[in-house]
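So the structure is just underneath, and the comments pick up after that.
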Amino acid sequence: MSENIEKQNEQNKEQKSRRAWQRNRKSKKQKQDSTNEIIDNLTKEKIEKSDKSSNQTENGEVVKSNKKRPKRKNLPSSPIIGQESWQNVMKVAIEANEKSHFQRLNSFNKINSTGKIRITPLGGLGEIGGNITIIETQNSAIIVDVGMSFPDNTMPGVDILTPDFTYLRTIKNKIAGIIITHAHEDHIGSIPYLFKEMQFPIYATPLPLGMISNKFEEHGLKNERSFFRPVEKRKPYKIGDFEVEWLHITHSVVDSSALAISTEAGVIVHTGDFKIDHTPIDGYPTDLHRFAYYGEKGVLCLLSDSTNSYKEGFTRSESSVGKTFDSIFAKSKGRVIMSTFSSNIHRVYQAIEYGLKYGRKVCIIGRSMERNIFTAMELGYIKLDKSIFIDAYEVNKYSDKDILIVTTGSQGETMAALYRMATDEHRHIKIKPTDQIIISAKAIPGNEGSVSTILNYLLKSGADVAYQDFSEIHVSGHAAQEEQKLMIRLVKPKFFLPVHGEYNHILKHKETAIECGVNERNIVLMEDGDQIEICSKYMKKVKTVKTGKVFIDNQINSQIENDVVMDRQQLADSGVVMIIAQIDQRDKKLISKPKVVSYGLVADKNDKSFSKEMEDVLVQFLTNVKREVLENQRVLENEIRQVVRKHIFRNLKKYPTIVPTIFVM
């Protein structure tokens, strides 16, 4: 009985508690409704007063306004959410945000095309320099850059290397134009050699065209300037089947560009050489907004500069070099001689500015340096008064503390002005112990030995040399890892092709791209000659075309044939042996002692014993030779050449060049 009473009491308590909660909720709702009504009335009254006030004239008369009153937006009110509803709403929001992230990070999914393009690098991969890339459809093609590279120590007498143009000859009728990213030699240096054989319109911004014009003048190609097509940045140009837009980027040469190439398959972004400098000398930073614009539209493929892919962090601004220049100029009591790349206009400009700050006259020495600086001045990229410049023969008329010499030769080139100064071969300038030398450049891979040689000459002269011991005497023009990441994140490509660098550079760039969300299956590490086919669904290698290097003698601007270079390599490696002999055909004997001359094989003190050794070889040969061999001069000389070469290899392990001259009597 008592248990029933207790149950009844508990039920009554629950009912009272529920009714109290409902009354409380109803009361709160009524108060909220009352509050909302008061707010609405006050807002309505305020609006009416405002309208009335705005419709009154200065006399207080009310004028009917023609303006429509803006409609109030019915904003959604926050619902009272229970525990289960709260979890559902949060889940929906998270899923919506995940979908938003996926869409913005995979904007290339917007690409809806059945077109295909092919990309073929003919230079610039597996090496530093020599950049040239072909982008083509079935009916049309464009060439991106036509650069040169430097020879190594195995190429005696060779000054520069140009790409092999064999593939260009096969697609000559498809090529709609040459697209230039910037004015460095490794991107424009081979254009004159191409134009001596084939001519196409050249699309570029003004400074690269100005420097190409200088090259054409030097090569006797002035009339070919009619192929120049100056372009404006941020403006698309229709070239064959392509639409190309030049995007401003910062690099170690003025007026550099990346490319946005719209194709039938989708947009291709080619960065060219770049870094992201937020405080450039000319005040024009990289056009990040335009890269982001294309990234939002959807980019099919990104080709990006890999040169500094091992360098962590960011590349320092070009403007940071100015502080070091200021410090060096302030301390220098004698002449300042600054050497850098002739195309690094802003580096030279900074040196000149600080030279002027300390009251120095400026002497520019070196044909390419002088030509590039005055071209930049004529085009308005830098502003300098010509009265500040003096000629080399005038330098000795001024006190040493009043002279700044800007010159070429930062890579140790033996024909450059700095090398000739260091070796006392320059006509007007000799290095003094009081001179301050600034080498504001880093050795290009392969040139380390040449740079070391010129450093030794300069230091022996007693001059003070600022090179790598100054941390900010030189800054790179290429993007470090964080800048490469930023480029990938802005462009958000479906496919990625790291370019411009040796294999280890592009491999490291691949790793960076994967970290930034690019699918590893969508990355290809190309080599020169690889032809890559790309469409919205796949990227794959389809074939390999012929590539290579052509050797150039820069003193006569002419090609050196491959066999000439091979002969030089052979002579340098193994030397040469010349044999002059008279043979009695009937008796198969030597008429007199043969004349034997060798170079690069045995020491001079061993010449006599070597000559006797060669005489013995010939005697033995003639003892066993067939008579029909003696009747054919060419066959005889070939047989002697083989016998002598085998003998020398057995004894000296060398294969020298053998030059026999045989007289058969």
Side-chain angles (χ1 to χ4, degrees), residues 120-124 130-137 139-148 160 162-247 253-263 270 272 343 368 371-372 374-376 378-381 550 552 554 557-559:
T120 312
L122 300 181
N131 300 288
I132 174 172
T133 302
I134 314 303
I135 302 177
E136 60 183 301
T137 64
N139 302 312
S140 184
I142 55 175
I143 306 171
V144 178
D145 295 331
V146 188
M148 51 146 280
I160 65 173
T162 66
D164 187 331
F165 299 135
T166 299
Y167 183 66
L168 297 184
R169 297 182 188 103
T170 65
I171 62 167
K172 179 179 178 180
N173 295 331
K174 288 174 59 175
I175 298 173
I178 300 171
I179 313 301
I180 300 299
T181 59
H182 64 282
H184 271 153
E185 290 293 312
D186 60 334
H187 291 258
I188 65 170
S190 294
I191 292 179
Y193 301 99
L194 174 63
F195 260 66
K196 289 176 182 179
E197 182 180 352
M198 296 172 272
Q199 298 81 38
F200 310 104
I202 302 176
Y203 296 84
T205 50
L207 184 68
L209 286 179
M211 292 192 177
I212 294 170
S213 174
N214 292 335
K215 290 182 173 298
F216 278 12
E217 185 172 348
E218 182 180 339
H219 286 260
L221 298 170
K222 288 183 180 181
N223 294 336
E224 272 64 27
R225 291 171 182 165
S226 61
F227 288 95
F228 288 1
R229 305 289 186 270
V231 301
E232 303 172 29
K233 292 182 179 180
R234 280 197 165 204
K235 179 180 178 181
Y237 290 82
K238 183 70 173 175
I239 306 171
D241 289 344
F242 308 92
E243 192 174 82
V244 184
E245 179 180 339
W246 278 253
L247 313 179
V253 63
V254 184
D255 201 16
S256 297
S257 304
L259 305 169
I261 306 170
S262 298
T263 75
H270 191 308
S343 59
S368 62
R371 194 173 52 199
N372 290 346
F374 286 108
T375 297
E378 289 171 6
L379 295 174
Y381 288 96
V550 175
I552 300 295
N554 210 27
N557 291 328
S558 179
Q559 177 181 345

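Note that these values count all heavy atoms, side chains included, but never hydrogens, waters or copies made by symmetry.
Remark: the backbone N or O of Thr181 is paired with a side-chain donor or acceptor of Asp145 at under 3.5 angstrom. Side-chain N or O atoms of Tyr381 include none that pairs as donor or acceptor with a backbone N or O of Asp255 at under 3.5 Å. At least one donor-acceptor pair under 3.5 Å links the side chain of Lys174 to the backbone N or O of Thr137.
Side-chain contact between Phe165 and Leu122 is absent, with no heavy-atom pair separated by less than 4.5 Å. Counting heavy atoms from C-beta on, the side chains of Glu185 and Met211 never come closer than 4.5 Å. The shortest distance between side-chain heavy atoms of Val146 and Phe200 does not fall below 4.5 Å.
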Next item on the list: Using the side chain to side chain contact (heavy atoms under 4.5 Å, CB included) rule, take Arg169 and Asp164 through it: C-alpha gap first, then chi angles, then the decisive distance, then the call.
Entry: CA-CA 10 Å; Arg169 297 182 188 103; Asp164 187 331; 4.1 Å; yes

Checklist line | Full working for side chain to side chain contact (heavy atoms under 4.5 Å, CB included) between Ser190 and Ile132 | finding: CA-CA 10 Å; Ser190 294; Ile132 174 172; over 6 Å; no

Next item on the list: Start with the C-alpha gap between Arg371 and Glu218, add the side-chain angles, then the distance that decides, and say whether side chain to side chain contact (heavy atoms under 4.5 Å, CB included) holds.
Entry: CA-CA 11 Å; Arg371 194 173 52 199; Glu218 182 180 339; 2.9 Å; yes

Notebook entry, point to check: Stepwise, does the side chain to side chain contact (heavy atoms under 4.5 Å, CB included) test hold for Asn214 with Asn372?
Noted result: CA-CA 8 Å; Asn214 292 335; Asn372 290 346; 4.2 Å; yes

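The CD1 atom of Ile142 sits 6.5 Å away from the CD1 atom of Ile239 when rounded to the nearest 0.5 Å. Expressed to the nearest 0.5 Å, how far CD1 of Ile143 lies from CD of Glu136 amounts to 10.5 Å. Atom CD1 in Ile552 sits 5.5 Å away from atom CD1 in Ile160 (nearest 0.5 Å). Interatomic distance, CD1 of Ile188 versus CG of Leu207, reported as 8.0 Å (0.5 Å rounding). With values rounded to the nearest 0.5 angstrom, Ile202 atom CD1 is found 9.5 Å from Ser226 atom OG. The distance from atom OG1 of Thr162 to atom OH of Tyr193, rounded to the nearest 0.5 Å, is 7.5 Å.
Across all non-hydrogen atoms, the minimal contact from Leu379 to Pro206 is CD1-O, 3.7 Å. The two residues Phe228 and Ile212 have their closest heavy-atom pair at CZ-CG2, 3.9 Å. Nearest heavy-atom pair, Gly147 versus Pro163, reported as atom, atom and distance to 0.1 Å: O-CD, 3.3 Å. Across all non-hydrogen atoms, the minimal contact from His270 to Gly272 is ND1-N, 3.0 Å. A pairwise comparison of heavy atoms in Ala260 and Leu247 identifies CB-CD1, 4.2 Å as the closest pair. Arg225 and Ser213 get closest at one heavy-atom pair: NE-OG, 2.9 Å.
Aromatic ring pairs are classed by plane angle as parallel below 30°, tilted from 30° to 60° and perpendicular above 60°; the pair Tyr203 and Tyr237 is tilted.
Between Phe216 and Phe227, the ring center distance fails the sub-6.0 Å criterion.
Of the candidates His187, His184, Met148, Asn131 forms a side chain to side chain contact (heavy atoms under 4.5 Å, CB included) with just one, namely His187.
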